[in-house]
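The structure appears right after this line, and notes come after that.
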Amino acid sequence: MTRLDRAWFARDAREVAVDLLGCTLVRRFPDGSEAAVRIVETEAYRGTDDPASHAGRRRTPRNDPMFGRPGTLYVYFTYGMHYCMNIVCEPEETPAAVLIRGAVPVRGAEHLRARRPGVPDRLLLNGPAKLTKSLELDLAFNRYDLLAANGGPDEACGGKALRILPPDSPPPGYRATPRIGISAGTDLLWRFVAEGF
DNA sequence: CTTATGATGTACT
DNA sequence: GTACATCATAAGG
């Protein structure tokens, strides 16, 4: 089965975005409980030739994580209240990342619900900021390394706070569309939605 | 199901 | 001042 190593994330963000569909994120919360979710929606962002990317112009303190090591996280705060999670791609110093836009619960859904009181299961992870809220991810995870034995900011409770696993079933089919919520680069079909589960 | 709108902080022109 | 890789809520069909 696929090895999700440094080289795997160092590829073109559009390829990684497609290959992330079906992968599982495993979150260990500060209290030791765990939840697993399957990624079903992603978007690719690149530094060059991408007017919608945070790194489309120049390097700044905010977008600097996009220039980091492949397999680390770029988490940003937006609209005054939301966090979004990206996985950095392409070689270090080449800005690119994949926004995780949607997922479905696989295990431990009760721990996700606990963070979103009153929200139906189907709405827990179907948006980039809903996903970070349900998984309790924020700026503490900016630059977090998914591949290192110890990711960085928050490794209490004797387990890795966030891990990623390859698909346990063969990669699903997908559909490509324009990205959501952008005003430039709408001609690029860099949003990928898993189909056929 | 759909569309419209306010909330709220930071980066950037 | 304006835009922003968004969401919850309210109102209409």
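Chain letters run A, B, ... following the sequence lines, proteins first and then strands; every chain starts at 1.
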Audit row: Thr177(A), Arg191(A), side chain to side chain donor-acceptor pair (under 3.5 Å) steps and yes/no: CA-CA 5 Å; Thr177(A) 78; Arg191(A) 170 175 176 253; 3.0 Å; yes

Got a sec: does the OH of Tyr83(A) have more than 12 other heavy atoms crowding it under 6.0 Å?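 Yes, the 6.0 Å shell around OH holds more than 12 heavy atoms from other groups.
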
Please say whether more than 12 non-hydrogen atoms of neighbouring residues, nucleotides or ligands are located less than 6.0 Å from NZ in Lys133(A).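 12 or below, so no.
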
Is it true that [X] and [Y] have a side-chain N and a carboxylate O under 4.0 angstrom from each other?
| X | Y | result |
| --- | --- | --- |
| Glu43(A) | Arg179(A) | no |
| Arg163(A) | Glu34(A) | yes |
| Lys160(A) | Asp145(A) | no |

Euclidean distance, atom CG of residue Asp138(A) to atom C1' of dG9(B) [Å, nearest integer]: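 Whole-Å distance recorded here is 15 Å.
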
Distance in angstrom units between Tyr79(A) OH and dA11(B) P, rounded: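 Atom OH in Tyr79(A) sits about 16 Å away from atom P in dA11(B).
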
Mapping Val119(A) and Gly80(A) to their closest nucleotides on DNA chain C, which lands nearer the 5' end?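 Between the two, 5'-proximity favours Gly80(A).
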
Would you call Ile87(A) and Ile164(A) a side-chain contact if the rule is heavy atoms closer than 4.5 Å?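 Ile87(A) vs Ile164(A): side chains touch.
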
Is any side-chain heavy atom of Leu99(A) closer than 4.5 Å to one of Asn86(A)?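 In short, these two side chains touch, coming nearer than 4.5 Å.
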
Exam field: side chain Asn142(A) to backbone Leu139(A), donor-acceptor pair closer than 3.5 Å: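 Checking the backbone N and O of Leu139(A) against the side chain of Asn142(A), no donor-acceptor pair under 3.5 Å is found.
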
With heavy atoms under 4.0 Å as the rule, sort [X] into base, sugar-phosphate or nothing.
| X | result |
| --- | --- |
| Ala52(A) | base |
| Arg191(A) | nothing |
| Ile182(A) | sugar-phosphate |
| Lys133(A) | nothing |

Contacting residues from residues 54-77 of chain A, given that a heavy atom lies under 4.0 angstrom of DNA chain B: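 Result for residues 54-77 of chain A: Arg57(A), Thr60(A), Phe77(A), sorted by number.
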
For Arg46(A) and Ser53(A), test the side chains for any donor-to-acceptor distance below 3.5 angstrom and give the result as yes or no.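 Not at all, the side chains of Arg46(A) and Ser53(A) share no donor-acceptor pair under 3.5 Å.
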
Which nucleotide span of DNA chain C, 5' end to 3' end, has atoms closer than 4.0 Å to non-hydrogen atoms of chain A?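 Listed 5' to 3', the contact boundaries are dC4(C) to dA8(C).
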
Any chance you could encode DNA chain B as dot-bracket? Rule is Watson-Crick or G-U wobble with both distances under 3.5 Å; [ ] for pairs crossing earlier ones, | for another strand. |||||||.||||.

Same cluster or not: are Leu188(A) and Phe192(A) linked, directly or through other Ile, Leu, Val, Met, Phe, Trp or Tyr residues, by side-chain heavy atoms under 4.5 angstrom apart?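 They do not share one cluster, since no chain of ILVMFWY contacts under 4.5 Å joins Leu188(A) to Phe192(A).
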
